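Naming convention: chains lettered A, B, ... in sequence-line order (proteins, then strands); numbering from 1 in each chain. Note that this is a predicted model, so its numbers are computed, not measured. As a basis for the values below, the full set of heavy atoms in this structure was taken, side chains included, without hydrogen atoms, waters or symmetry mates.
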Amino acid sequence: MNTQAKSWKRIGMCQDFSEADIGRKVTLTGWVDNRRNLGGLLFVWLRDRSGIIQLVFDETLDADDFARAQDIRNEFVIAVQGTVVARAEKNINPDLCTGKIEVRVDGLKIISQAATPPFAIAADSKVREDLRLKYRYLDLRRADLQKNLILRSKIAHCMRRYMEENGFVEIETPMLTKSTPEGARDYLVPSRLHKGTFYALPQSPQIFKQLLMVAGMDRYYQLARCFRDEDLRADRQPEFTQLDMELSFVDAEDIMQINEGLLKQLMKEIMGIEIRLPLRRISYKEAMERFGSDKPDTRFGLELKDVSSLVAACGFKVFANAVKNGGSVRGINAKAAGLSRKEIDSLTELVKTYGAHGLAWINYRAEGPVSPIAKFLSQQEMQALLEAMHAEPGDQIFLVADEDKTVFPALGALRLELARRLSLIDESVFDLLWVVEFPMFEFSEEQNRYVAMHHPFTCPMDEDVAFLQGDLGKVRAKAYDIVMNGNEVGGGSIRIHDADLQEKIFKALGFSKEEAWEKFGFMMGAFQYGTPPHGGLAYGFDRLVMLLSGCKNIRDVIAFPKAQNAACLMSDAPSPVEDSQLKELGILIAATEEKKDDQLK
RNA sequence: GGCCUGGUAGUUCAGUUGGUUAGAACGCUAGCCUGUCACGCUAGAGGUCGAGAGUUCGAGUCUCUUCCAGGUCGCCA
């Protein structure tokens, strides 16, 4: 071999080379992406994180090397030495960044052979999700996933830079923390030194960041790992990352302003989009009434209309009763939708999953309205209804009648589904807005009491404090969510820094002073020693990256995500542990069905 | 916990009313090939139809149970 004495250290990555390097002697390393063997001539695409460059092996190569080149297979890791040469005009590949050049190989080293991968390593390959997750390290070789992780890193860097420039200090908070009631299920970690007790992994750094304000750190931020033991969704993983921040001596206005600055910088640097400030703000009430959602997608219309008063006295019992019982009848006008009966049936199934009992519809044809509820309505009632819905011939009206807490989500979901089916969403638009004036409390049927909608340290709006002794449902919070394209990407609030007010809130939530001290004592204790007014916000970092990368699933922006059942298909976590480990922790596992079966054998 | 969709070759999928030996493309193996870039040509290997039970003369196809994956409602302060 004529090149043995030379170094095999690469002098650059695959995509670093261009026509400017023609004639240059190079050493390259990477994975074999693809090969085309023409007998006396062999083409290999060499791939690394940067991209692809074509290698040519031909008769000018040492005979030994050429023979070994025949053994090269996809995904082998190789090193080559050679010369960058120009491609003839007719051989230029316009789809490749390096398509005008190639490397004429004069030395080959097979660094690592590869078994045939279980699926093709290609950007567009459709592969079963469980296979992708089991062989995640191969899946991550795909250019599109690598692109996502690189974008994720860029976004994190952009955020950190903005925070540092604005006087924030990055501080790490503990992962082994105290389990607190309220909120999501905790992931628990048993303690060896204190048998029978458990740490909890943080659902968020909430309490610690507030204590940092008590400590006088003034402005804190962290790219914080968080854990919630709840069921997964396409945009929800059990462990995830937040950009978390907390600021002292601020009001909601200050926090929104500083975050608008962050969003502006982010959109400009990452997406090349100039957003106009200040961002739109709408109240929770308005969001629900107009869009049926507290995270409205306002890139399209199809707004909800309240027609309760028009049908309160009509002959259709479902409508009349809904209004009589304090609920409402609301509708959406699907302009010129032209949906078939079958499609309407599938929409009915959709609203039923949100608890609606049915979906009333009206096809407003040129010759008049056609509807299964037409026979229950007088001509005047129908006319008033159509007018209220701004109906024109060709439109389809959909109506849901129930309690508001059912009507809103049902119509909110229907609105999104209609937009998808009618292709009303412009995917190139980024729609950012604040939703403000959230309710402080929501009634939990399960616990038969009011619970904090955000968390119990959220400050109520000044003008609503009086309602704390009365109608808790009326109390609004100094809380705000940032919504992007119908997704909640961040949320926060002004916190309570006044012990008396905090006590009132706990009382409203049904905690005695003793209970509150037992659960949150270290925090309430801290607040006795001089607490600045403070508030903060946290972004769902993974979700934000997902939206900015255009991905539909949060797994595609996380290096090693969990499957839908929260398991890691690659490492097989969670898994049983050795009995000795359990013994050391003082833990006994209650017999499961499986174990009982084993014992019977 | 509920609902919906899917599971057939290594991968992506087709498989009609239950009926002969379950197919295609890509990938893989071998051979040929000096300008390929979705290389081409020839030949070949590769299947517990997710698993179990049932109906039937006969099940990839029908029924039940179950496992796995995805989506979703509940849940996610």
Criterion side chain to side chain contact (heavy atoms under 4.5 Å, CB included) against A/R495, the qualifying member of A/K209, A/M213, A/K478: A/K209

Residue pair A/F66 / A/E59, side-chain heavy-atom distance below 4.5 Å: no

Classify the side chain of A/R236 versus the base of B/C76 as yes if they form a donor-acceptor pair under 3.5 Å and no if they do not. yes

Without swapping roles, check the side chain of A/E75 against the backbone of A/T116 for a donor-acceptor pair under 3.5 Å. no

First encountered from the 5' end of RNA chain B, between A/N93 and A/T116: A/T116

Neighbours of RNA chain B within residues 480-493 of chain A, by heavy-atom distance under 4.0 Å: none

Would you mind classifying the nucleic acid contact of A/T180 as base, sugar-phosphate or nothing, using non-hydrogen atoms under 4.0 angstrom? nothing

Euclidean distance, atom OH of residue A/Y135 to atom P of B/A69 [Å, nearest integer]: 15 Å

Can you tell me, in whole Å, how much space there is between the P of B/U21 and that of B/A53? 22 Å

Same-atom distance (C1') from B/G70 to B/A30, integer angstrom: 39 Å

Of A/R73 and A/A452, whose nearest nucleotide on RNA chain B comes first from the 5' end? A/R73

Determine which nucleotide pairs with B/G52, using a 3.5 Å limit on both distances of a Watson-Crick or G-U wobble pair. B/C64

A/V483 and side chain to side chain contact (heavy atoms under 4.5 Å, CB included): which single residue from A/V435, A/D297, A/V489, A/D294 fits? A/V435

Would you kindly give the NE2-to-C1' distance between A/H455 and B/C76, to the nearest whole Å? 15 Å

Using the P atom as the reference point in each nucleotide, state the distance between B/U63 and B/U17 in Å, no decimals. 14 Å

Within the 4.0 Å heavy-atom criterion, would you say A/L569 contacts the bases, only the backbone, or no part of the nucleic acid? sugar-phosphate

What N/O pairs connect the protein and nucleotides 71-73 of chain B at under 3.5 Å? Give each pair on its own line.
residue, atom, partner, partner atom, Å
B/G71, OP1, A/N553, ND2, 2.7
B/G71, OP1, A/R555, NH1, 3.4
B/G71, OP1, A/R555, NH2, 3.4
B/U72, OP2, A/A234, N, 3.0
B/U72, O4, A/Q564, NE2, 3.0
B/C73, OP1, A/Y354, OH, 3.1
B/C73, OP2, A/R233, NE, 3.0
B/C73, O2', A/T353, O, 3.3

Interatomic distance, A/R136 CZ vs B/A69 C1' [rounded to whole Å]: 15 Å

Would you mind classifying the nucleic acid contact of A/E75 as base, sugar-phosphate or nothing, using non-hydrogen atoms under 4.0 angstrom? nothing

Using whole Å, report how far CG of A/D33 lies from P of B/A38. 12 Å

List for me each residue that meets side-chain hydrogen bond (donor to acceptor under 3.5 Å, both in side chains) alongside A/R228, sequence neighbours excluded, and say none if there are none. none

Pairwise side-chain contact, A/M453 with A/M440, heavy-atom cut-off 4.5 Å (strictly under): no

Decide whether A/R555 and A/Q564 meet the rule of one side-chain donor and one side-chain acceptor closer than 3.5 Å. no

Just the atom pairs and distances: protein N or O near nucleotides 39-41 of chain B's N or O, under 3.5 Å.
residue, atom, partner, partner atom, Å
B/C39, OP2, A/N34, ND2, 2.8
B/C39, OP2, A/R36, NH1, 3.4
B/C39, N4, A/N37, O, 2.4

What is the distance, rounded to the nearest whole Å, between atom CG of A/N565 and atom P of B/C67? 12 Å

Taking CD from A/Q54 and P from B/U34, how many angstroms apart are they, rounded to a whole number? 17 Å

For nucleotides 6-13 of chain B, give me every protein contact, N/O to N/O, under 3.5 Å, one pair per line with atom names.
residue, atom, partner, partner atom, Å
B/G10, O2', A/P118, O, 2.8
B/U12, OP1, A/R128, N, 2.5

Do A/F520 and A/F457 make the cut of ring centroids closer than 6.0 angstrom? yes

Can you tell me if A/Q70 and A/N37 form a side-chain donor-acceptor pair at under 3.5 Å? yes

For B/A45 versus B/A25, give the span between their P atoms, rounded off to a whole number of Å. 15 Å

Could you give the distance separating B/G47 and B/A9 at their P atoms, to the nearest angstrom? 10 Å

Once hydrogens and angles are ignored, does a donor-acceptor distance under 3.5 Å link the base of B/G74 to the side chain of A/E230? no

Rounded to whole Å, NZ of A/K352 lies from C1' of B/C4 at a distance of 14 Å

Over all strands shown, is A/A563 touching base, sugar-phosphate only, or nothing at heavy-atom distances under 4.0 angstrom? sugar-phosphate

Measuring from the side chain of A/E59 (C-beta onward, heavy atoms only), which nucleotide among B/C37, B/U34, B/A69 has the closest atom? B/U34

Hey, does A/R421 have a side-chain heavy atom less than 4.5 Å from the side chain of A/L418? no

Is B/G46 paired to anything, Watson-Crick or G-U wobble with both distances less than 3.5 Å, and if yes, which nucleotide? none

Is any side-chain heavy atom of A/T406 closer than 4.5 Å to a side-chain heavy atom of A/Y354? no

Quick check: do A/I72 and A/L108 have side-chain heavy atoms less than 4.5 Å from each other? yes

Partner of B/U12 under the Watson-Crick or G-U wobble criteria, both distances under 3.5 Å, comes out as B/A24

Determine, step by step, whether A/D481 and A/Y284 satisfy the side-chain hydrogen bond (donor to acceptor under 3.5 Å, both in side chains) criterion, reporting the C-alpha distance in whole Å, the side-chain angles of both residues, the deciding distance to 0.1 Å, and the verdict. CA-CA 10 Å; A/D481 276 2; A/Y284 172 88; over 6 Å; no

Ring-plane angle category for A/F522 and A/F208, please: parallel below 30°, perpendicular beyond 60°, tilted otherwise. tilted

Any strand is fair game: report the nucleotide pairing with B/G70 by Watson-Crick or G-U wobble, both distances under 3.5 Å, or none. B/C4

Could you tell me how far apart A/R104 (CZ) and B/U34 (C1') are, to the nearest whole angstrom? 10 Å

Between B/G6 and B/G60, how far apart are the C1' atoms? Round to whole Å, please. 15 Å

Atom P, compared across B/U65 and B/G58: separation rounded to whole Å: 23 Å

Taking atom C1' in both B/G54 and B/G18, compute the distance separating them and give it to the nearest angstrom. 15 Å

Find the distance between CG (A/D471) and CZ (A/F441) and round it off to the nearest 0.5 Å. 11.0 Å

Could you pull out all residues at least two apart from A/K405 that satisfy salt bridge (charged side-chain N to carboxylate O under 4.0 Å, His left out)? A/E445

Now, which nucleotide makes the Watson-Crick or G-U wobble pair with B/C41, with each of the two distances under 3.5 Å? B/G31

A/E349 near the nucleic acid: base, sugar-phosphate alone, or nothing, with a heavy-atom cut-off under 4.0 Å? nothing

Do A/V103 and A/L28 have side-chain heavy atoms sitting under 4.5 Å apart? yes

